[in-house]
Amino acid sequence: VDLIGTYIFLIAGLVLILSFILLKKYLSNLPRTAVYASVIALAFIFVLLPAYEFGQREHFLLMLSIPYILLAAVRQKSTTPNLFLLIIVGLLAGIGFNIKPYFLLNWLVIECYLMLVHRKITYIFRLESLLVICATLVYLASIFIITPEYVYKVLPLITPIYYLIYANPLYFIIFRQPACSLIIMGLIFCYLIKHYLPATIIINLLYLSALVQLAIALGQGTIWYYHFYPALGFTAFILTLLLVKLVYSKRYLIRSGLQQSTRHFFLLIIALAAIGIMIFYYYMILISFRAHNINNQRDLIHWVQQEARGG
């Protein structure tokens, strides 16, 4: 039995349950099928979209941060979930945003946006955000107390090696990594269609998160798919929510002349088209990975041989 895979599936299941509870509150003005469609899309994003990078830290970041963003949207509707839900979401987000140091930038952007929207600096002192801060402090303290060698010995040793082999110019990353170009096109498409719907805080938070994660991935200079996975996941979820709201919007139905009976058929066509695109993209990822994995291994072997000969 694959214990690690089972553990990841359990985490994904817990997050999907939390997301279902929060989406029911957030999409309370829409039919229940809208909630089901959104949760099914999240399941696809969590389980299938990671492809061969299943279980990477970026995978955990996306899963553990989604309920935090949904909770912020639910609070915007003047609805406060129960204390137990707040604690669970806060603890999960605290783990997710601290898996890598620069993931905290995502949390910081989210909180800055929320403070700007509510025009209160003290808005950051919510239970779930305080739990993220506590998790950050505990994590930092544990590093220096339990494994100080990592900070003073390991980190200085591996940092130059990590970026020496795999760093690539920006233009090469954009045009060579299929996920990067797909994210950029997806964000442009989402930006265009979101003008047909009222502005919502969840779309803006997801959009900001996708931009932050895209910047982080590009800043690392690599073409590894898992670096782009969070931005791709956020973008896919933005597209899902926009399409769900677009399909179920009365204003859209009236304007386009669609009748109530054709709504589900229209949603089915969108879902089938999205599935076809993602399957095609999935195979593009696999082909790209096989081609570059061999080259990266050769580069690493060449560097090790040079270092062994003294440069």
Spacing of [X] atom [atom1] and [Y] atom [atom2] [to the nearest 0.5 Å]:
| X | Y | atom1 | atom2 | answer |
| --- | --- | --- | --- | --- |
| Ile11 | Leu16 | CD1 | CG | 11.5 Å |
| Leu218 | Leu170 | CG | CG | 5.5 Å |
| Tyr191 | Leu242 | OH | CG | 13.0 Å |
| Leu211 | Asn106 | CG | CG | 10.0 Å |
| Leu127 | Leu83 | CG | CG | 6.0 Å |
| Ile174 | Ile223 | CD1 | CD1 | 13.0 Å |

Any chance you could lay out the side-chain hydrogen bond (donor to acceptor under 3.5 Å, both in side chains) test for Tyr229 and Gln213, step after step, and finish with the verdict? CA-CA 9 Å; Tyr229 167 72; Gln213 291 300 324; over 6 Å; no

Are [X] and [Y] close enough that some pair of their side-chain heavy atoms sits under 4.5 Å apart?
| X | Y | answer |
| --- | --- | --- |
| Tyr207 | Cys190 | yes |
| Leu214 | Cys180 | yes |
| Ile183 | Phe234 | no |
| Ile133 | Leu137 | yes |
| Phe97 | Leu108 | no |
| Glu58 | Phe103 | yes |
| Leu85 | Leu22 | yes |
| Leu206 | Leu241 | yes |

Parallel under 30°, tilted from 30 to 60°, perpendicular over 60°: which one fits the rings of Tyr152 and Phe144? perpendicular

Does the plane of the ring in Trp224 sit parallel, tilted or perpendicular to the ring in His227? Use 30° and 60° as the thresholds. tilted

Write out all pairs satisfying salt bridge (Lys or Arg N to Asp or Glu O under 4.0 Å) with one or both partners inside [range], taking only residues at least two apart or from two chains.
| range | value |
| --- | --- |
| residues 143-156 | none |
| residues 17-34 | none |
| residues 67-80 | Arg75-Glu128 |

Provide the closest heavy-atom pair for [X] versus [Y] in the form atom of the first, atom of the second, distance.
| X | Y | result |
| --- | --- | --- |
| Ile69 | Ser209 | CD1-OG, 3.6 Å |
| Pro67 | Val15 | CG-CG1, 3.7 Å |
| Leu18 | Ile88 | CD1-CG2, 3.7 Å |
| Asn98 | Val132 | ND2-O, 4.0 Å |
| Ala210 | Leu187 | CB-CD2, 3.8 Å |
| Leu49 | Tyr225 | O-OH, 2.5 Å |

Is the Phe54 to His59 ring centre distance short of 6.0 Å? yes

With clusters defined by side-chain heavy atoms of hydrophobic residues (ILVMFWY) lying less than 4.5 Å apart, directly or transitively, does [Y] cluster with [X]?
| X | Y | result |
| --- | --- | --- |
| Phe9 | Met63 | yes |
| Ile40 | Leu14 | no |
| Leu130 | Leu140 | no |
| Leu23 | Phe84 | yes |
| Leu61 | Leu10 | no |

Please test Leu91 against Ile95 for side-chain contact (heavy atoms from CB on, under 4.5 Å), starting from the C-alpha separation and ending with a verdict. CA-CA 6 Å; Leu91 289 176; Ile95 296 172; 5.5 Å; no

Among all residues two or more places apart in sequence or in another chain, which pass the side chain to side chain donor-acceptor pair (under 3.5 Å) test with Ser181? none

Identify, with sequence neighbours excluded, every residue that meets side chain to side chain donor-acceptor pair (under 3.5 Å) alongside Thr147. none

Answer yes or no: are there more than 12 heavy-atom neighbours, outside Ile121 itself, under 6.0 Å from its atom CD1?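 Atom CD1 in Ile121 is not crowded, with 12 or fewer foreign heavy atoms closer than 6.0 Å.
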
Between Ile173 and Phe228, does the side-chain contact (heavy atoms from CB on, under 4.5 Å) criterion hold? Intermediate values first, please. CA-CA 11 Å; Ile173 300 172; Phe228 293 89; 3.4 Å; yes

Can a donor-acceptor pair be found, under 3.5 Å and without considering hydrogens, that links the side chain of Gln177 to the backbone of Ala179?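 Here the side-chain-to-backbone pair exists.
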
N/O donor to acceptor pairs below 3.5 angstrom from side-chain atoms of residues 110-120, sequence neighbours left out:
{"unit_1": "Glu111", "atom_1": "OE1", "unit_2": "Arg126", "atom_2": "NH1", "d": "3.0"}
{"unit_1": "Glu111", "atom_1": "OE2", "unit_2": "Tyr68", "atom_2": "OH", "d": "2.4"}
{"unit_1": "Glu111", "atom_1": "OE2", "unit_2": "Arg126", "atom_2": "NH2", "d": "2.9"}
{"unit_1": "Tyr113", "atom_1": "OH", "unit_2": "Asn204", "atom_2": "ND2", "d": "2.8"}
{"unit_1": "His118", "atom_1": "NE2", "unit_2": "Gln76", "atom_2": "OE1", "d": "3.1"}
{"unit_1": "His118", "atom_1": "NE2", "unit_2": "Tyr123", "atom_2": "OH", "d": "3.4"}

Residue pair Thr200, Lys245: steps toward the side-chain contact (heavy atoms from CB on, under 4.5 Å) verdict: CA-CA 11 Å; Thr200 56; Lys245 286 199 167 189; 3.2 Å; yes

Could you give me the CA-CA distance, side-chain angles and deciding distance for Phe125 and Thr122, then say whether side-chain contact (heavy atoms from CB on, under 4.5 Å) is met? CA-CA 6 Å; Phe125 299 115; Thr122 56; 4.0 Å; yes

